Amino acid sequence: MRVEEILTEVLVRLGDRDKYDISNLPSNDDEINTIIKCINMIISEIASDYLPIEFKENVIVENGAIPYDSLSKRLINLKKITKNHSKIGAKMYPNEILVEENGEVCVEYLYMPDEVKLSGDIELSPRVTLMLIVNGVLGEYCLLQGRYEDAMLYDKRYREMLKIACRATKEIILKHGWWH
């Protein structure tokens, strides 16, 4: 999903579409920058509290520690660390992960997406829809503008859509002939 798609939908809902040339949005406009800040707030909220994004990468462990800045993404929570497909013990500390073995390991973790810019892409769970983010952004933006009734309306829509996106989906399998 692209930031420009979200921005376009937000501007349409705010009634500001005619105010901007959608194909050539200004990067130094206060309203556009505020909307992008709201987009980043909503993305952070979704990724940290509701639908975290998983990532897996190989890292070299030296002296039994993996500094957080050696990971390619911003870690939220550790899932597991494996070496040669066997899980190994690890413990998280403020600046690093202490690991029981050295060498190359595979680290699986949940991460916080980077802040997006005007021409950026958004990395989120496939369950997150365009309108989910748009409603969240509109709720935050209207709150910042003092439009409290609109903010409540959009926030309510956002929270309802978020519940649906977070719902666990399981396949129900009925045994053959159970109704006889």
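Positions are given from 1, in the same order as the sequence printed here. Keep in mind that this is a model prediction, so the values were computed, not measured.
Between Ser119 and Glu4 the shortest side-chain heavy-atom distance falls below 4.5 Å. For the pair Leu144 and Cys38, the minimum side-chain heavy-atom distance is below 4.5 Å. Between Leu75 and Leu110 there is no side-chain heavy-atom pair separated by less than 4.5 Å. Counting heavy atoms from C-beta on, the side chains of Glu160 and Asn135 never come closer than 4.5 Å. The shortest distance between side-chain heavy atoms of Met131 and Arg13 falls below 4.5 Å. Side-chain contact between Val134 and Thr129 is absent, with no heavy-atom pair separated by less than 4.5 Å. By the 4.5 Å heavy-atom criterion applied to side chains, Ile32 and Leu118 are counted as neighbours. Between Lys80 and Thr82 there is a side-chain heavy-atom pair separated by less than 4.5 Å.
Within a 6.0 Å sphere centred on CD of Glu62, other residues, nucleotides and ligands contribute 12 heavy atoms or fewer. Other residues, nucleotides and ligands contribute over 12 non-hydrogen atoms within 6.0 Å of the CD atom of Gln145. Atom NZ of Lys83 has more than 12 heavy atoms from other residues, nucleotides or ligands within 6.0 Å.
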- prompt: Does the side-chain contact (heavy atoms from CB on, under 4.5 Å) test come out yes or no for Val105 and Ile66, once each step is laid out?
  reply: CA-CA 10 Å; Val105 297; Ile66 303 171; 4.1 Å; yes

task: Report the C-alpha distance between Glu108 and Leu78 in whole Å, list the side-chain angles of each, state the deciding distance to 0.1 Å, and finish with yes or no for side-chain contact (heavy atoms from CB on, under 4.5 Å).
output: CA-CA 7 Å; Glu108 290 183 47; Leu78 183 65; over 6 Å; no

field: Candidate pair Tyr141 and Thr34, rule side-chain contact (heavy atoms from CB on, under 4.5 Å), full reasoning
entry: CA-CA 7 Å; Tyr141 182 78; Thr34 303; 3.8 Å; yes

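Atom CG of Asn40 and atom NZ of Lys117 lie 7.5 Å apart (nearest 0.5 Å). Considering NZ of Lys73 and CG of Asp114, their distance stands at 6.5 Å, rounded to 0.5 Å. Note: Asp155 CG to Leu138 CG = 11.0 Å, rounded to the nearest 0.5 Å. How far CG of Asp150 is from CG of Leu143: 11.0 Å, rounded to the nearest 0.5 Å. Atom CZ of Arg127 is separated from atom CZ of Arg167 by 11.0 Å, given to the nearest 0.5 angstrom. Note that CD1 of Ile122 is 8.5 Å distant from CD of Glu5, once rounded to the nearest 0.5 Å.
Evaluated for a side-chain hydrogen bond (donor to acceptor under 3.5 Å, both in side chains) with Tyr158, the options Glu45, Glu140, Lys163 yield exactly one hit, Glu45.
Hydrophobic clustering (ILVMFWY, side-chain heavy atoms < 4.5 Å, transitive): Met41 and Tyr111 are in distinct clusters. In the hydrophobic clustering of this structure, Tyr68 groups with Val99; members are Ile, Leu, Val, Met, Phe, Trp, Tyr whose side-chain heavy atoms approach within less than 4.5 Å, directly or through other members. Under the 4.5 Å side-chain contact rule for hydrophobic residues, Met161 and Tyr50 share a cluster. When hydrophobic clusters are built by joining Ile, Leu, Val, Met, Phe, Trp and Tyr residues whose side-chain heavy atoms come closer than 4.5 Å, directly or via intermediates, Met1 is grouped together with Leu51. Residues Leu14 and Leu130 share a hydrophobic cluster, clusters being chains of Ile/Leu/Val/Met/Phe/Trp/Tyr side chains in contact below 4.5 Å.
Looking at every heavy atom in both residues, Ala65 comes nearest to Glu96 through CB-OE1, 3.6 Å. When every heavy atom of Glu123 is checked against every heavy atom of Pro113, the shortest pair comes out as O-CG, 3.8 Å. Contact detail for Pro67 and Ser70: the closest heavy-atom pair is O-OG, 2.6 Å.
Checked against side-chain contact (heavy atoms from CB on, under 4.5 Å), Asn84 has no partners two or more places apart in sequence or in another chain.
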Show me, pair by pair, the donor-acceptor contacts under 3.5 angstrom made by side chains of residues 53-61, not counting sequence neighbours?
| from | atom 1 | to | atom 2 | distance (Å) |
| --- | --- | --- | --- | --- |
| Glu54 | OE1 | Lys79 | NZ | 3.2 |
| Glu54 | OE2 | Lys79 | NZ | 3.1 |
| Glu57 | OE1 | Ser72 | OG | 3.3 |
| Glu57 | OE2 | Ser72 | N | 3.1 |
| Glu57 | OE2 | Ser72 | OG | 3.1 |
| Glu57 | OE2 | Tyr109 | OH | 2.5 |

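At least one donor-acceptor pair closer than 3.5 Å links the side chain of Asn102 to the backbone N or O of Asn63.
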